Amino acid sequence: MTVQKPGRRLMHFVPLHFVHKKVTGGGQRPIAAGLSLTSMIDFLVVTVVFLLMSFSASGELQVAKGVTIPKAQNTLDMIDAPIVAISGRQILVNGQPAGNTQAIEDSKRMQRVDELFNSLKQQREHWKQVYPNKDFPGVVVLQIDQDVQAVVVKSVFQTAAFAGYPNVSFMVNQMPHASE
Amino acid sequence: MGGVDVGGASGGRRKTDSEVNMIPMIDLLMVTISFLLITAVWSHMSRINADAQVPGPPRPDTEQTPQEPEKTLHIEMRTPDKFTLIWKQGGTVVSTVDVARRDNVIENNHVKEVHYPDLGAKIESEWKTTGQHRDATDKKFDQAVLHTDNETPYVNLIGVIDAIYTPKRDYGAGGKVEKMPALNVTFAVN
């Protein structure tokens, strides 16, 4: 960008010597400071590279409201599978209600959750219609609050297995290893 | 602004110096940074796997030969003061060892973490001595069965499963060797 001689300007008779004197310093140190573009662009490029490397195109899985996911160290990467969330006493399959845990908590005994069973079975049949030539992976991800009792966890686990999902994964927050 | 001086202005010819306009470049970088920051994912969700041990469909075309039952590691967490690790082969108890239970609970912003480092270390040493599937070419994994009472909070279950996955082994799949958890976890129904 070349510097050009300015043309005519309005109010040219107004003396602005004080501005010029202030900017150039008037014999003292000038207040106009130059910005080093090289270091700024270097910084911006490094930031862009870092953010691009940590960018995830798949987005983030939504955690159901009221569910606090525990943390774990020895984890695997998330996979695309139906998500069964236990929020309070309600069971959700991909965000849709599929029964509740009231009966299990009252009886303190493991039992099959029929609504969950039917919902998962429906999901499995839908998958088989969409991919008729593929083997069904049978994977389901459980999103369970940290304070839910083991009897509920085991009941949901068993219900999922009965519905044709033997590979059950528990969603956790990844925690770095102590050695890392 | 920024430019590149490549000479070539001699002899009355047009200069071949080129000048890069920095303003759109900085604008582009700023917009890219803004987009990446807005769409950034700072909490990383993962999973811990478990297997319901459902047998496959019967194969009438293949002859069934009786096989020796494999050793499985049973982890009892029904008592508040200890874990019991039991190696069983079928219905036979091979060995039993107790590990003191210390619930190392860390609560931060209502999010709890429970760690059992002693249990993880003991399971690793037990698997190294008794585990049957330790070779990288072995497609099968040793099984761990978790026995818990009905009132145990889920966060404690995750802490124990996390400890069970402490031992790692090499696993060769498709010519590529990777580290995998050495044990496969399932729940006992009783």
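Remember, it's a predicted structure, so these values are computed and weren't measured experimentally. Hydrogens, waters and symmetry mates play no part in the numbers below; they use all other heavy atoms, side chains included. Every chain is numbered from 1 and lettered A, B, ... according to where its sequence line falls, protein lines coming before strand lines.
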>> Minimum heavy-atom separation for S46(B) and M78(A), please, with both atom names.
In response: O-SD, 3.5 Å

> Same cluster for L73(B) and V93(B) if Ile/Leu/Val/Met/Phe/Trp/Tyr side chains link at under 4.5 Å?
Replying inline: no

>> Can you tell me which portion of F157(A) sits under 4.5 Å from chain B's heavy atoms? Options are side chain, backbone, both or neither.
In response: side chain

> Is the CG atom of D77(A) crowded by more than 12 outside heavy atoms at less than 6.0 Å?
Replying inline: no

> Hey, any chance V130(A) and W127(A) share a hydrophobic cluster, counting ILVMFWY side chains that come within less than 4.5 Å of each other, even indirectly?
Replying inline: yes

>> Quick check: closest heavy atoms across D149(B) and A150(A), and the distance to 0.1 Å?
In response: O-CB, 3.4 Å

> Under 4.5 Å between side-chain heavy atoms, hopping through other hydrophobics if needed: is there a path connecting I83(A) to V67(A)?
Replying inline: yes

> Around atom NZ of K139(B), are there more than 12 heavy atoms of other residues, nucleotides or ligands at under 6.0 Å?
Replying inline: yes

>> Does L44(A) form a side chain to side chain contact (heavy atoms under 4.5 Å, CB included) with T32(B)? I'd like the steps, not just the answer.
In response: CA-CA 10 Å; L44(A) 291 175; T32(B) 312; over 6 Å; no

> Is the count of non-hydrogen atoms from other residues, nucleotides or ligands lying under 6.0 Å from D27(B) atom CG greater than 12?
Replying inline: yes

>> Please evaluate residues I41(A) and I26(B) with respect to the criterion side chain to side chain contact (heavy atoms under 4.5 Å, CB included), reporting the C-alpha separation (whole Å), side-chain torsions for both, the decisive distance (0.1 Å), and the verdict.
In response: CA-CA 7 Å; I41(A) 291 168; I26(B) 293 170; 4.1 Å; yes

> Given the rule that I, L, V, M, F, W and Y join up when any side-chain heavy atoms are under 4.5 Å apart, are L92(A) and V156(A) in one cluster?
Replying inline: no

>> Minimum heavy-atom separation for R47(B) and S169(A), please, with both atom names.
In response: NH1-OG, 2.9 Å

> How long is the span from the CE atom in M30(B) to the OG1 atom in T47(A), to the nearest 0.5 Å?
Replying inline: 9.0 Å

> Among the clusters formed by ILVMFWY side chains lying less than 4.5 Å apart, do L36(B) and L28(B) turn up in the same one?
Replying inline: no

> Between I69(A), V48(A), L76(A), which shows the greatest number of heavy-atom pairs under 4.5 Å with chain B?
Replying inline: L76(A)

>> Within this structure, what is the CE-CG distance for the pair M180(B) and N74(A), rounded to the nearest 0.5 Å?
In response: 12.5 Å

> So D147(A) and K112(B), salt bridge (charged side-chain N to carboxylate O under 4.0 Å, His left out) or not? Walk me through it.
Replying inline: CA-CA 9 Å; D147(A) 295 321; K112(B) 291 178 195 163; 2.9 Å; yes

> Is there side-chain contact between E151(B) and V151(A), with at least one heavy-atom pair below 4.5 Å?
Replying inline: no

> Checking heavy atoms, do the side chain of I161(B), its backbone, both or neither come under 4.5 Å from chain A?
Replying inline: side chain

> Is there a donor-acceptor contact under 3.5 Å from the side chain of D162(B) to the main chain of Q73(A)?
Replying inline: yes

> Checking V153(A) against chain B: side chain, backbone, both or neither under 4.5 Å from a heavy atom?
Replying inline: side chain

> Where on N156(B) is there a heavy atom nearer than 4.5 Å to chain A: the side chain, the backbone, both, or neither?
Replying inline: neither

>> Looking at every non-hydrogen atom in both residues, tell me the closest pair between K154(A) and A188(B) and how far apart they are.
In response: CD-O, 3.9 Å

> Minimum heavy-atom separation for Y154(B) to I144(A), with atom names?
Replying inline: CE2-O, 3.2 Å

>> Among V152(A), V139(A), V148(A), D145(A), which residue has the highest count of heavy-atom pairs closer than 4.5 Å to chain B?
In response: V148(A)

> Does atom CZ of F136(A) have more than 12 heavy-atom neighbours from other groups under 6.0 Å away?
Replying inline: yes

>> Would you say that more than 12 heavy atoms from the other residues, nucleotides or ligands in this model lie under 6.0 Å from the CD of E70(B), or not?
In response: yes

> Distance from N150(B) atom CG to M110(A) atom CE, nearest 0.5 Å?
Replying inline: 8.0 Å

> If you measure from CZ on F170(A) to CD1 on I158(B), what distance do you get to the nearest 0.5 Å?
Replying inline: 6.0 Å

> Going by the ring pair (Phe, Tyr, Trp, His ring centres under 6.0 Å) test, which pairs reach into residues 71-126 of chain A, not counting sequence neighbours?
Replying inline: none

>> Could you check whether atom CG of D81(B) has more than 12 heavy atoms from other residues, nucleotides or ligands sitting under 6.0 Å from it?
In response: yes

>> I want to check something: taking the side chain as every heavy atom from C-beta on, are I33(B) and L51(A) in contact at a cut-off of under 4.5 Å?
In response: yes

